[in-house]
Amino acid sequence: MRIADVIKFENGGSTMVFRHPSEDFNTLSQLIVHESQEAVLFRDGQALDLFRAGRHTLTTQNIPLLGKLVNLPFDGVSPFHCEVYFINRTTTLDSSWGVGNIDVIEPEYGLKITLGASGTFGFKVIDSRKLLVKLVGTDATLSNERFARYFKDLVAMRVRRHLYELAMSFGYFALSVLQDELSQAVRESLTSELMDYGAEVTNFYIGSIGTNEDDFSKLKAVREKKLEFSELSYNWVDEQIRDIALTYAGNPGTQDNIGNAISQMPLALSFGAMIAKEAQPLLDRASFSNKPCAFDSNSASEKPSSAAAQTPPSDSPLAVAATCTSCGHPLPQQSKFCPECGRPLGSTCRTCGKSLGVDMKFCPECGTPR
């Protein structure tokens with residue numbers, strides 16, 4: 001059994017934990033701990049006495065935990081057996097992480113997109129004993145890369161949750177300005193997790209957040225269409241209504257036929273104000289044999305140049321008397337039934353016998369409903 005006189009580790013920047021190859025020492029052995037290091041004596045699964053930077057001569061006074069465990073005598077030189085671990089306390093800043101396949105429904109445009117993100121995080125050891133017991137075990141070394149690999153799944157889980165919540169709340173195009181908030185939220189979440197292993201997150205950065213090319217193209221197209229409509233409430237239903245209006249405007253049955261256009265207008269207008277906008281060009285294009293009558297209040301005083309040319313003779317079967325109170329279809333004079341829905345038109349009051357006009361819903365004489 002060879003007793004090691006000097007115990008030290010020339011720290012490599014990429015090594016977080018290093019176990020000294022010798023395990024047999026005595027109470028005169030010299031333990032050298034460099035700056036940014038800590039040394040821990042380890043035996044029987046227990047992290048015992050801890051030494052910070054400096055040169056230490058091992059005696060029963062500065063290894064009380066180990067001395068009690070192996071019953072070292074207080075006087076003289078006494079050999080003992082244990083493991084010595086060196087822990088690097090410097091901050092590591094270059095550990096990368098990445099996460100993908102985060103499916104969300106973009107709240108503003110209603111599209112399903114797949115998100116991904118990547119970045120770096122830094123960490124350092126704050127409790128050497130806890131790190132040895134919970135993470136190192138019987139391993140001789142622990143590299144920074146291996147330590148980061150232990151926690152990359154945890155990082156991915158936390159990023160996935162917080163990124164999903166932000167995307168669902170604020171939308172895809174707001175994520176680029178929320179990277180700091182997301183970084184802070186993930187860092188705080190990871191801090192409590194890593195403390196159980198004797199480490200803490202010192203920095204957490206998100207380098208990029210994005211989606212695949214296909215999803216981005218879809219989002220961009222919908223966004224541009226929304227800007228074109230300039231409607232904050234744009235959605236798929238609005239698009240369908242607009243398409244119906246365009247179809248109606250191009251219906252050959254309404255081309256150059258103002259009668260058909262007017263008769264179908266109540267049905268078209270039921271789709272909303274958007275259809276009114278699309279129908280106006282139709283009226284502008286329609287051909288009139290004479291100047292059309294004005295429909296707005298500003299032109300109410302204008303009269304047709306020829307009454308005979310504008311209005312059918314009163315005895316003509318095409319002369320319009322009113323519109324049907326049931327379906328709104330124009331009614332030729334002397335009609336007894338609506339030519340559109342078949343509703344009977346001529347009738348008398350069932351109470352007083354007074355004749356009722358086709359557009360009367362109540363008797364003007366006694367008030368009885370028709």
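On a predicted model such as this, the values are computed, not experimentally measured, just so you know.
Dense packing is recorded around NZ of Lys152, with more than 12 heavy atoms of other residues, nucleotides or ligands lying under 6.0 Å away. By the 6.0 Å contact criterion, NZ on Lys8 is open, its count of non-hydrogen atoms from other residues, nucleotides or ligands being 12 or less.
Classification of the His20-Phe86 ring pair by plane angle, with boundaries at 30° and 60°, yields tilted. Note on ring orientation: taking the six-membered ring where Trp is involved, the planes of Phe42 and Tyr85 are perpendicular (angle over 60°, cut-offs 30° and 60°).
Note: Phe151 and Trp97 fail the aromatic proximity criterion, with ring centroids not under 6.0 Å apart. Close placement of the Phe147 and Phe123 rings is indicated, their centers lying within 6.0 Å of each other.
Side-chain contact check for Thr114 and Asp103: at least one donor-acceptor pair (N or O, by modelled atom type) lies under 3.5 Å. Ser36 and Arg89 share no donor-acceptor pair across their side chains, judged by distance under 3.5 Å alone. In summary, the side chains of Glu38 and Ser128 do present a donor paired with an acceptor at a separation below 3.5 Å, with no hydrogens or angles considered. Side-chain polar atoms of Glu145 and Ser143 form no donor-acceptor pair below 3.5 angstrom.
Note that OG1 of Thr15 and CZ of Arg146 are 11.5 Å apart. Values are rounded to the nearest 0.5 Å. The line from CD1 of Ile209 to CG of Leu115 is 8.0 Å long, rounded to the nearest 0.5 Å. The OG1 atom of Thr202 sits 6.5 Å away from atom CZ of Arg187, with the distance rounded to the nearest 0.5 Å. To the nearest 0.5 Å, the span separating CG on Leu28 from OG1 on Thr59 amounts to 9.5 Å. Atom SG of Cys82 sits about 7.5 Å away from atom CD1 of Ile63, to the nearest 0.5 Å.
Val222 has its side chain out of reach of Glu224: every pair of non-hydrogen atoms, C-beta onward, lies at least 4.5 Å apart. Contact annotation: the side chain of Ser96 never approaches that of Ser118 to less than 4.5 Å [non-hydrogen atoms, C-beta and beyond]. At least one side-chain heavy atom of Ile7 sits under 4.5 Å from a side-chain heavy atom of Ser29. Residues Arg19 and Thr141 have side chains not in contact (no heavy-atom distance under 4.5 Å, counting atoms from C-beta outward). Taking the side chain as every heavy atom from C-beta outward, Gln37 and Ile87 never approach each other to under 4.5 Å. Looking only at side-chain heavy atoms (C-beta outward), Thr57 and Leu31 stay at 4.5 Å or farther from each other.
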Go through the steps to decide whether His56 and Gln30 satisfy the test side-chain contact (heavy atoms from CB on, under 4.5 Å), and finish with yes or no. CA-CA 6 Å; His56 308 275; Gln30 300 291 305; over 6 Å; no

From CA spacing to verdict: side-chain contact (heavy atoms from CB on, under 4.5 Å), Thr191, Leu194: CA-CA 5 Å; Thr191 296; Leu194 264 67; over 6 Å; no

Please report the C-alpha distance between Ile126 and Lys124 in whole Å, then the side-chain angles of each, then the deciding distance to 0.1 Å, and finally whether the side-chain contact (heavy atoms from CB on, under 4.5 Å) criterion is met. CA-CA 6 Å; Ile126 58 174; Lys124 70 177 182 180; 4.3 Å; yes

Apply side-chain contact (heavy atoms from CB on, under 4.5 Å) to Leu48 and Val40, showing your working. CA-CA 7 Å; Leu48 302 169; Val40 177; 5.9 Å; no

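When all heavy atoms of Val33 and Arg52 are compared, the pair lying nearest together is CB-O, 3.4 Å. Lys112 and Ile105 get closest at one heavy-atom pair: CB-CD1, 3.6 Å. Ile206 and Gln179 get closest at one heavy-atom pair: O-NE2, 3.1 Å. Contact record, Phe25 with Ser22: CZ-O, 3.1 Å, taken as the closest heavy-atom pair. In terms of heavy atoms, Asp215 sits closest to Ile113 at OD2-CA, 3.4 Å. Contact record, Ala39 with Val84: CB-CG1, 4.5 Å, taken as the closest heavy-atom pair.
Of the possible donor and acceptor atoms, one in the side chain of Asp49 sits under 3.5 Å from a partner among the backbone N and O of Leu66. Between the Asn203 side chain and the Phe121 main chain, no donor and acceptor come within less than 3.5 Å of each other. Between the side chain of Asp44 and the main chain of Gln46, no donor-acceptor pair closer than 3.5 Å is present.
Transitive grouping of hydrophobic side chains (ILVMFWY, heavy atoms separated by less than 4.5 Å) keeps Leu142 and Met195 in distinct clusters. By the rule that hydrophobic residues join a cluster once side-chain heavy atoms approach within less than 4.5 Å of another member, Met157 and Val201 end up as members of separate clusters. Follow the hydrophobic side-chain contacts under 4.5 Å out from Phe51 and you never reach Ile32; the two are in separate clusters. In the hydrophobic clustering of ILVMFWY residues, with side-chain heavy atoms under 4.5 Å counting as a link, Phe80 and Val6 come out apart.
Both the sub-6.0 Å distance and the 45° axial angle are satisfied by Arg223 relative to the ring of Phe173.
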Donor-acceptor contacts under 3.5 Å from residues 160-171 side chains, at least two apart:
residue	atom	partner	partner atom	Å
Arg160	NH1	Gly100	O	3.4
Arg160	NH1	Asn101	O	3.3
Arg160	NH2	Gly100	O	3.2
Ser169	OG	Glu165	O	2.9

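The one candidate from Val17, Leu132, Leu131 that meets the side-chain contact (heavy atoms from CB on, under 4.5 Å) condition with Val125 is Leu131.
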